[in-house]
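First comes the structure, then the notes that go with it.
Naming convention: chains lettered A, B, ... in sequence-line order (proteins, then strands); numbering from 1 in each chain. Keep in mind that this is a model prediction, so the values were computed, not measured. Below, each value reflects all heavy atoms present in this structure, side chains not excepted, and no hydrogens, waters or symmetry copies.
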2 protein chains.
Amino acid sequence: MATIKDVARKAEVSTATVSAVINDSAYVSPELRARVLAAVRDLSYAPSLAARNLKRGRSQLIALVVADLANPFFSRVVWAAEAAVAAWGYSLLIFNSDEKPEVERRILARVRTLSCDGVILVPVGDSTEHLQNDPDGKPIPTVLFGRTVAGDRSDTVTIDNISAGRQATEYLLDLGHTRLGTITGPLHVTTGRGRLDGMLAAMRSRGLTLESRYIRSGEFREDAAYSVARSLLEQPARPTALYVASGLMALGVMRAVADLGLRCPGDISIASTDTIPGIGGLRPRLTRTEHPLVDMTNEAVRLLVDQIRRGGPAEPRNVVFQPSLVVGDSCAPIVAQPVASPPSSAPMGPAP
Amino acid sequence: MATIKDVARKAEVSTATVSAVINDSAYVSPELRARVLAAVRDLSYAPSLAARNLKRGRSQLIALVVADLANPFFSRVVWAAEAAVAAWGYSLLIFNSDEKPEVERRILARVRTLSCDGVILVPVGDSTEHLQNDPDGKPIPTVLFGRTVAGDRSDTVTIDNISAGRQATEYLLDLGHTRLGTITGPLHVTTGRGRLDGMLAAMRSRGLTLESRYIRSGEFREDAAYSVARSLLEQPARPTALYVASGLMALGVMRAVADLGLRCPGDISIASTDTIPGIGGLRPRLTRTEHPLVDMTNEAVRLLVDQIRRGGPAEPRNVVFQPSLVVGDSCAPIVAQPVASPPSSAPMGPAP
DNA sequence: AAAACTTAACTAATCGATTAGCTGGGTTCG
DNA sequence: CGAACCCAGCTAATCGATTAGTTAAGTTTT
């Protein structure tokens with residue numbers, strides 16, 4: 001591997017001149033510049049980032065730490081982030097905390113060691129402690145993505161989870177459903193909690209309540225959603241509609257519905273927040289709220305690069321995106337059905 | 001950010017001793033070792049990778065360059081690779097060549113600049129040229145993943161594409177289908193070509209031929225598959241069954257089928273190679289061949305780490321994994337149906 | 001024409017680690 | 001007893017770039 005010295009020797013100039021040519025950092029006469037460029041080509045020289053970073057104190061590396069790489073939602077974030085980061089001249093390191101706070105801690109330590117210029121973090125756990133990652137120096141520029149952590153002063157990019165839960169719920173209510181259930185994420189995570197809160201608010205404002213036996217929370221995974229959905233739906237008087245807090249969970253719920261011999265939307269309506277892209281040809285098509293993932297990711301990268309450039313965090317900025325409802329055919333209006341008697345533990349009132 | 005000198009000063013030892021303690025590279029008396037460790041803790045010192053890499057000439061970085069990050073197949077590769085790479089003590093850089101050879105070339109130049117210790121590459125294009133990436137030194141350890149490039153001497157990890165195409169096709173033939181069609185990937189890519197060849201071989205061995213108007217190839221994308229599937233299915237005598245060469249394309253085909261008002265498997269059977277994980281609750285469930293993606297990824301990382309350790313490529317190793325058939329309900333047996341009349345151009349041999 | 005600037009290029013210090021080579025004190029052995 | 005050897009730890013060179021500071025030549029000013 002050729003070094004700057006080899007180039008300097010070959011072009012018969014000093015290393016300073018080579019550096020000046022490469023970085024365009026000082027005026028170099030056309031003649032020498034040409035000699036240097038020729039030498040660079042001949043030796044197919046590429047400057048060592050290690051050396052450059054050591055001197056400059058940065059690395060051109062941005063780390064993206066997601067909570068669960070197996071979740072297609074985060075795969076799309078990776079896709080969008082790679083493009084955004086590359087457009088700014090950085091490269092992207094990927095880490096998976098797998099929803100485990102101690103793994104997240106290890107990852108952040110490594111991010112520091114690698115002297116990444118910044119981190120986009122989907123935080124797990126509710127502690128902000130390990131985010132103060134550099135007691136004796138300035139902390140690594142950080143943007144929290146999707147989730148927030150109480151008391152943290154990083155920039156954040158999130159969606160309005162309350163609104164997402166509310167919109168989906170109102171859609172179900174508008175179809176005439178009153179006995180709703182929900183499969184939501186972990187309640188200590190803002191996305192799980194917020195979406196449930198939105199749902200509760202929507203119901204409350206119509207004078208309805210969500211029975212606690214119709215609320216289930218589980219990890220944002222297909223299999224977790226499958227099992228809690230089964231246990232919810234196997235109850236005597238099952239809900240006529242479900243709100244599911246994530247696209248991946250919706251798949252698990254769909255599978256549970258299918259395995260129980262139920263039909264969607266015939267027997268049960270399902271609305272979700274987020275979906276799996278590309279499944280428009282499969283039935284049923286989910287009714288869901290979507291959020292502008294690419295815009296969110298671009299914004300997160302923009303905020304991060306801005307922090308890096310200004311060399312320290314300014315007043316924390318919290319950017320919130322709005323979800324929008326996309327109607328599929330996984331929800332059906334409820335047909336006028338007299339409820340036989342208060343459902344207590346009693347039988348279901350059959351229709352017509 | 002504390003440096004090794006700060007630690008040395010605080011512990012009242014030399015930097016050499018600090019280094020020895022940190023790396024366990026020489027015997028240090030318990031007393032000094034304790035002082036050093038205390039200082040490390042107090043200053044929350046973490047060695048600078050930039051400096052260490054500069055000296056050692058490695059970076060603990062492995063690059064994964066995929067052909068299309070938007071394809072869920074590669075998202076799963078990213079997921080598996082992150083875990084495998086972390087287990088070996090490396091960190092993972094992600095790049096997306098987006099099926100563009102010139103982007104791939106730029107990425108490989110950057111990988112070199114970053115002095116990555118190795119690359120796992122899903123090659124695009126058919127040239128091996130830019131893989132000889134370091135004319136004047138030893139090339140970067142490389143493992144080709146999924147696809148191969150003629151004449152290249154890197155290690156490779158692939159699946160048996162011929163077998164994948166053959167198995168899926170034979171399943172369709174066994175159900176009685178004779179008028180088959182296929183949606184495959186680009187034919188200059190080994191995965192597209194190989195799967196088609198497997199299909200052709202399967203048909204040939206039963207004395208059947210695949211009409212060229214029933215063969216369509218397009219990029220490995222949902223939308224590309226959608227449009228070529230439409231054009232294929234809108235032909236007068238459409239096939240009774242399709243083999244689709246990728247999971248993502250199968251989604252596009254499903255959507256085309258739905259938009260054309262056709263029913264799967266009622267009007268048309270569909271088998272594919274690869275699928276989208278987690279869609280088991282949606283209808284229909286794809287019949288497809290699957291390949292052991294996690295094992296493949298682990299093997300690729302293992303081969304790469306091995307190359308890195310031995311410090312140069314040995315005899316190239318080519319590991320081929322076998323696909324296996326997973327039956328869903330997207331295929332139906334063909335019922336004895338008389339074909340009305342020869343469809344203009346060429347007569348079909350009907351089988352009562 | 002001497003003083004004062006500019007300019008293009010160079011020399012050498014520097015970033016933060018690793019490590020070859022050295023030192024001085026303690027053992028071992030002929 | 002002194003040569004030979006060990007050992008723990010230190011000094012200083014080194015990796016490959018950037019860049020502050022210097023120099024010599026040329027240009028402008030007075």
| B/Thr15, nearest nucleotide to its side chain (from D/dC10, C/dT19, C/dA17) | C/dT19
| remark: From the candidates D/dA17, D/dC10, C/dG16, the one with an atom nearest any side-chain atom of B/Leu54 is C/dG16
| Just how far, in rounded Å, is C1' of D/dC15 from NZ of A/Lys5? | 8 Å
| query | When you look at A/Ile22 and A/Arg52, which way does the side-chain contact (heavy atoms from CB on, under 4.5 Å) test go after all the steps? | reply | CA-CA 12 Å; A/Ile22 292 170; A/Arg52 176 175 283 178; 3.7 Å; yes
| Of the candidate nucleotides C/dT19, C/dA17, D/dT19, which contains the atom at the shortest distance from the side chain of B/Ala16? | C/dT19
| request: Answer whether the closest heavy-atom distance between the side chains of A/Trp88 and A/Arg309 falls below 4.5 Å. | output: yes
| note | When rounded to whole Å, the CG to P distance for the pair A/Asn23 and D/dT19 reads 7 Å
| query | Atom NZ of A/Lys55 and atom C1' of C/dC15: how far apart are they, to the nearest Å? | reply | 6 Å
| A/Ala51 side chain, from C-beta outward: closest of C/dT11, C/dT18, D/dA17 | D/dA17
| field | Note, A/Val143 side chain near A/Leu121 side chain (heavy atom, < 4.5 Å) | value | no
| query | Of the nucleotides C/dA17, C/dT19, C/dA8, which one has an atom closest to the side chain of B/Pro47? | reply | C/dA17
| request: Side chain of A/Val28 only, please: which of C/dA9, D/dT19, D/dA8 is the nearest? | output: C/dA9
| remark: Closest of C/dG16, D/dC10, D/dA17 to the B/Ser48 side chain is C/dG16
| query | Rounded to whole angstroms, how far apart are OH on B/Tyr27 and P on D/dG9? | reply | 8 Å
| For the pair made of CG in A/Leu114 and P in C/dA17, what is the distance, rounded to whole Å? | 14 Å
| query | Taking atom C1' of C/dT18 as reference, at what distance in whole Å does atom OH of B/Tyr45 sit? | reply | 10 Å
| message | Pairing donors with acceptors under 3.5 angstrom, does anything connect the side chains of B/Ser59 and B/Asn53? | response | no
